[in-house]
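Here's the structure we're looking at; comments come further down.
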Protein chains: 2
Amino acid sequence: MCAEKKLTERKRENIIEAAVMEFRASGFSATSMDRIAATANVSKRTIYNHFASKQILFQSIAQALCDQLTQVSEYPYDPEIPLRTQLHAIAEQEMAMLTTAEFISTFKMITSESLVSPELTRATIDNFQESSLGVVTWIKQATKDGKLSVSDPIRAGKQFLALIETFALWPQLYDFKPVPKKSAQKTIINSAVEMFINTYGSKTSRKKTSQ
Amino acid sequence: MCAEKKLTERKRENIIEAAVMEFRASGFSATSMDRIAATANVSKRTIYNHFASKQILFQSIAQALCDQLTQVSEYPYDPEIPLRTQLHAIAEQEMAMLTTAEFISTFKMITSESLVSPELTRATIDNFQESSLGVVTWIKQATKDGKLSVSDPIRAGKQFLALIETFALWPQLYDFKPVPKKSAQKTIINSAVEMFINTYGSKTSRKKTSQ
DNA sequence: TGTAAACTACACTGCGCAGTTTACTTTTTG
DNA sequence: CAAAAAGTAAACTGCGCAGTGTAGTTTACA
């Protein structure tokens, strides 16, 4: 019978858990199946009973991790709440995601592979792209409501995210810089919001050139 | 005697040229010394006579390429010329660099390695960082001249570059997107300049909310 | 409790690659 | 031209790894 779960199920979970760890730590090519097997407390043969090849194992994991990370990015527009407040909320949510240790290691894992062999990760990367569309629909709604004046919402959305990511994503990826402190995060967000509203806010919403 | 150049010299150049090609195309670990030797029309042994190991070969090349790419980024401030014009020039120069095929493949080569084994490329990456300091000194000078009002020039500089790179660097790296067309480049630059001046320009220089 | 399915240890194939050795040829230079 | 310096081809060492084959053990379940 099943004490808690079927053995097969438990083994499968062990494998995935171990593979995530190893792939995150060392990337695709530097991680060996023997190592994953050891970490998972599982015979190598068992891995191959669950996943036909190293590639397939990697792709399954990349896809799963990516789904898990990007599911949270819908930003409903609310005409009652001031623009600044809403933008702040969006930026904070984005920042919260970017500064997660899991996000960083996952992103690193996927991108490092995508640079060398894009086929392996094309699907996953495409998925990532879409996930940043949340801001765009918010911008469209705010524009329709007359609070913003944006001719190209996609460009505007990317600009807004770029103002955050340049401090809270790329340095952590390439430079192994630590995530910015809470106070620095506030500054980054404030500045991004001001820049955005200074440029795209309708006349009434623009004010204070605080930096 | 020397017909045109000493043999050793020619061989060395062949090796470097071939290695650059191969590393750019496939990255560090996926490139073999045998392959480089073949491409260079050189015996593998000869490579080892010039470079003690694959690592050393890679690092030499990475360093050289990086120096070559980043040497051009000083932007002298001129109080006589309108801010917008100067900023445009800076952006265009930056854009010109980013859209070079050599730049993209070099950057890809270095970053893909840096994600997996930072030691190999730390020096090179650091170098890259510095190269983006050109704008910062320009911003400082414009601020001193009273034309800009910037409390944190480094942040402002990074923001300005981010507004360009988000369209003309990251998509090419991760997505294999083609470099933006000339017309798109103009739009990107215009928008970045406007955003920057809207936010940091002294009262007099701010105008037109063009998008 | 008996059988099928899943897991295990471990040896093994086959491959690619970094780096070396060797025996030999070409180029440079005094 | 002769010796020294540099290059060459090809075989070889040693290693790590993806993936397989096997014979035997454990778990699930009827």
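Just so it is clear: chains get the letters A, B, ... in the order the sequence lines come, proteins before strands, and each one is counted from 1.
- In this structure, CD of Glu9(B) is placed 15 Å from C1' of dG7(D), rounded to the nearest angstrom.
- No side-chain N or O of Gln141(B) forms a donor-acceptor pair with one of Asp145(B) less than 3.5 Å apart.
- With no hydrogens or angles considered, no side-chain donor-acceptor pair links Thr199(A) and Glu194(B) at under 3.5 Å.
- Atoms CG (Asn14(B)) and P (dT8(D)) sit 9 Å apart, rounded to a whole Å.
- Residue Thr31(A) is classed as a sugar-phosphate contact, given heavy-atom separations below 4.0 Å to backbone atoms only.
- For the residue pair Glu22(A) / Thr39(A), a side-chain donor-acceptor distance below 3.5 Å is found, with atom types taken as modelled.
- Here the P atom of nucleotide dC29(D) and the CG atom of Leu7(A) are 11 Å apart, to the nearest Å.
- Within 6.0 Å of CD1 in Ile154(A) there are 12 or fewer heavy atoms belonging to other residues, nucleotides or ligands.
- Rounded to whole Å, the distance from CZ on Arg10(A) to P on dA5(C) is 20 Å.
- Rounded to whole Å, atom P of dG14(D) lies 20 Å from atom CE of Met33(B).
- With 3.5 Å as the limit, one finds a donor-acceptor pair spanning the side chains of Arg45(B) and Asn49(B).
- Contact annotation: His50(B) does not reach the phosphate of dA6(D) (side-chain N/O to OP1 or OP2, under 4.0 Å).
- dT8(C) atom C1' lies 14 Å from atom CG of Asp34(A), rounded to whole Å.
- Residues from residues 39-49 of chain A placing a heavy atom under 4.0 Å of any atom in DNA chain D, listed by number, are Lys44(A), Arg45(A), Tyr48(A).
- Note that Lys158(A) lies outside the cation-pi zone of Phe167(B), set by a 6.0 Å cut-off to the ring centre and a 45° limit from the axis.
- Within residues 53-61 of chain B, the residues having any heavy atom under 4.0 Å from DNA chain C are, by residue number, Ser53(B), Lys54(B).
- When each of dA28(D), dA18(C), dG7(D) is scored by its nearest atom to the side-chain atoms of Lys11(B), the top-ranked nucleotide is dG7(D).
- If you take CD1 of Ile36(A) and C1' of dG19(D), they are 13 Å apart, rounded to a whole angstrom.
- Relative to the ring axis of Phe176(A), Lys108(A) places its NZ or CZ within 45° and under 6.0 Å from the centre.
- Note: Phe28(B) and Phe23(B) have parallel aromatic rings, judged against thresholds of 30 and 60 degrees for the angle between ring planes.
- In this structure, the CZ atom of Arg12(B) is 20 Å from the P atom of dT27(C), given to the nearest Å.
- Ring planes of Tyr174(B) and Phe107(A): perpendicular class, angle over 60° (limits at 30 and 60°).
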